[in-house]
Amino acid sequence: MEKVIVGVSGGVDSAVALFLLKKEGYDVEGLFMRNWDSGINNDIDGNPNFGMSICPQEQDYNDALKLCNDMGVKLHRVDFIKEYWDYVFTYFLDELKKGRTPNPDMLCNKYIKFDLFIKEARKLGAKYVATGHYARLENGKLKRSVDLNKDQTYFLADVKREQFKDVLFPVGDYTKPEIRKIAKDNNLVVAEKKDSTGICFIGERNYQKFVQNYLVPNEGDIVDIETLKVIGVHTGLMNYTIGQRRNVGISGNESRHFVCGKDTEKNILYVTFGDSEYLYSDECIIENINFISDIHPVFCSAKFRYRGEDVQVQLEYLENDLIKVKYMEKVKAVTPGQACVLYLGDECLGCGFIKEVRKNNEKLWYL
RNA sequence: UGCCUCGUAGCCAAGUGGUAAGGCAUCAGACUUUGACUCUGACAUUCCGAAGGUCCGAAUCCUUCCGAGGCAG
């Protein structure tokens with residue numbers, strides 16, 4: 001029987017992945033991965049769990065262990081704490097320092113889950129490696145999951161196509177409710193466990209405090225982009241993303257405010273009010289392109305943010321591995337550092353990272 | 001010093017005699033493997049700068065005081 005190593009996180013999705021593969025007759029074993037250690041990584045401020053006897057990760061491990069024991073499956077465990085720090089977290093901090101909005105989970109998939117993790121699984125004799133991602137692989141093509149609401153291809157778009165060789169996504173063919181039902185019907189211990197959110201491996205917490213464990217906050221002016229008047233004080237540019245409304249710390253205005261830009265040189269945060277033109281753009285330039293597909297189209301659709309709308313776009317392939325992405329209609333809050341993921345129908349073609357945001361053939365000066 | 005305007009929750013702000021709109025912020029949820037966005041709910045239980053007065057009844061009218069700003073000299 002061919003051996004499959006399943007990345008077991010302690011959540012429902014990977015539990016069902018494990019269950020489905022075992023049912024299909026594979027020789028399955030679980031591998032639990034740990035990439036973050038609050039003590040080693042000095043993650044203290046804003047950590048609701050610091051000092052608790054059982055941190056959520058250990059709880060997850062216990063759940064995974066119980067699950068595997070119930071199913072008669074062997075569970076292995078591996079730590080990539082240093083590697084996560086070196087490959088993912090330093091990038092995360094570097095991007096923040098530049099005033100951009102990084103997506104650490106995409107790097108985690110690229111460098112940890114679909115690289116180091118797979119290598120570890122190979123050591124354990126794996127022919128295939130499976131995870132609980134909502135995505136599908138068909139003939140080397142990455143496709144959106146059946147449940148479009150849960151589709152996670154956005155996070156997988158920066159993984160190289162070779163890395164998907166021998167990868168299985170068993171839950172991608174089901175909807176979330178079906179996954180829950182399978183878990184329940186088969187008495188998997190984690191059937192009722194709440195979905196986790198937040199940066200994976202780090203979890204949910206007060207974001208600003210979390211970041212302040214690593215970056216020194218540098219206060220500066222909040223400026224109304226319309227009048228260029230100073231209307232408040234920001235707590236450090238790394239604490240804001242484009243399109244953000246909450247936690248900006250200004251009030252008393254007629255309509256809602258949104259962050260629309262930053263000036264890292266002058267340490268200024270720009271805000272605008274209501275459904276302002278300053279939030280919209282009509283094209284952007286993306287860098288660090290990764291194509292999973294052979295198709296390099298001129299017309300396709302794109303997502304500029306996880307769970308964002310699919311937007312029809314036109315691609316212009318530039319020199320130096322850059323692509324200009326023109327959108328058929330204006331898009332709100334396209335943010336440097338975020339991934340622009342390309343799709344053709346159900347197929348996820350790949351992605352690039354937003355380098356420059358433009359409107360009317362000019363780079364937006366305030367971004 | 002004389003005259004004028006204004007003073008409503010953390011902020012902005014409706015309401016000019018009939019028993020305190022709304023927005024922002026905040027808090028709690030929903031949604032969500034990236035801080036977002038979006039959505040739902042809570043938010044001045046006699047109170048409208050303070051103290052008196054008129055009235056069946058005032059934040060709304062009158063008096064005085066306090067405070068902010070403006071005009072005059």
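We name chains A, B, ... by the order of the sequence lines, and we start the count at 1 in each one.
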Write down the distance separating the P atoms in B:G18 and B:G23, rounded off to the nearest Å.
-> 24 Å
In this structure, which one of A:N149, A:D151, A:D13, A:D173 forms a side-chain hydrogen bond (donor to acceptor under 3.5 Å, both in side chains) with A:Y134?
-> A:D13
Identify which nucleotide among B:C27, B:U33, B:U34 has an atom closest to any side-chain atom of A:R246, counting heavy atoms from C-beta outward.
-> B:C27
Is the shortest distance from a Lys or Arg side-chain nitrogen in A:K359 or A:E277 to a carboxylate oxygen in the other one below 4.0 Å?
-> yes
Any A:K150 side-chain nitrogen or oxygen under 4.0 Å from OP1 or OP2 of B:C31 | no
Could you work out the separation of B:A20 and B:C47 based on their C1' atoms and round it to a whole Å?
-> 7 Å
A:W85-A:F92 aromatic ring centre distance below 6.0 Å = no
P atom, B:U64 versus B:G69: distance in rounded Å?
-> 22 Å
Tell me, please, whether A:F258 has A:K332 positioned over its six-membered ring: NZ or CZ under 6.0 Å from the ring centre and within 45 degrees of its axis?
-> yes
Quote, to the nearest angstrom, the P distance that separates B:U32 from B:G22.
-> 30 Å
Would A:K110 and A:E162 count as a salt bridge (Lys or Arg N to Asp or Glu O under 4.0 Å) if you check the C-alpha gap in whole Å, the side-chain angles of each, and the deciding distance to 0.1 Å?
-> CA-CA 11 Å; A:K110 180 181 185 177; A:E162 305 81 54; over 6 Å; no
Answer yes or no on whether A:R307 is positioned over the face of A:Y154, meaning its NZ or CZ is under 6.0 Å from the six-membered ring centre and within 45° of the axis.
-> no
Atom C1', compared across B:C61 and B:U16: separation rounded to whole Å | 9 Å
Might you list the N or O atoms of the protein lying below 3.5 Å from N or O atoms in nucleotides 21-23 of chain B, with each pair's distance?
residue, atom, partner, partner atom, Å
B:G23, O2', A:E254, O, 2.7

Take atom NZ of A:K176 and atom P of B:C31, then tell me their distance rounded to the nearest Å.
-> 11 Å
Per atom distances to the A:H257 side chain, the nearest of B:C37, B:U34, B:A25 is B:A25
Distance check: side-chain N/O of A:R245 vs OP1/OP2 of B:A25, anything under 4.0 Å?
-> yes
Quote, to the nearest angstrom, the C1' distance that separates B:A68 from B:G49.
-> 11 Å
Donor-acceptor under 3.5 Å (A:E347 side chain, A:L344 main chain) = no
Sugar-phosphate, base or nothing in reach of A:I250, heavy atoms under 4.0 Å = sugar-phosphate
Considering just the side-chain nitrogens and oxygens of A:N149, establish if one lies under 4.0 Å of OP1 or OP2 belonging to B:C31.
-> no
Charged N to carboxylate O below 4.0 Å: is that the case for A:K141 and A:D346?
-> no
If each of A:K332 and A:N109 is mapped to the nucleotide of RNA chain B with the nearest heavy atom, which maps nearer the 5' terminus, i.e. the 5' end?
-> A:N109
Tell me what A:N247 touches on the nucleic acid: a base, only sugar-phosphate, or nothing, going by heavy atoms under 4.0 Å.
-> sugar-phosphate
side-chain contact (heavy atoms from CB on, under 4.5 Å) test vs A:V73 passes for just one of A:V28, A:V8, A:V6, A:D27, namely A:V28
Whole-Å distance separating the CG atom of A:N35 from the P atom of B:U34 = 16 Å
Would you say a side-chain N or O of A:N103 is under 4.0 Å from OP1 or OP2 of B:U33?
-> no
Where RNA chain B forms runs of at least three Watson-Crick or G-U pairs (i with j, i+1 with j-1, under 3.5 Å), the stems are B:1-7 with B:66-72, B:10-12 with B:22-24, B:26-30 with B:38-42, B:49-53 with B:61-65
For the side chain of A:K262 and the backbone of A:L237, is there at least one donor-acceptor N/O pair under 3.5 Å apart?
-> yes
Take the protein atom NZ of A:K193 and the nucleotide atom P of B:U33, then report the distance between them rounded to whole Å.
-> 15 Å
Of the listed B:U34, B:U32, B:C37, the closest approach to the A:R307 side chain comes from B:U32
Does a side-chain N or O from A:Y306 land closer than 4.0 Å to OP1 or OP2 of B:U32, or not?
-> no
Using the P atom on both, measure B:C6 against B:U60 and round to a whole Å.
-> 13 Å
Determine the Euclidean distance between corresponding P atoms of B:A36 and B:C27; express it in Å to zero decimal places.
-> 12 Å
For A:E29, the side chain to side chain donor-acceptor pair (under 3.5 Å) test, sequence neighbours excluded, returns A:K3, A:H76
Across the strands shown, which category fits A:F258 at heavy-atom distances under 4.0 angstrom: base, sugar-phosphate, nothing?
-> sugar-phosphate
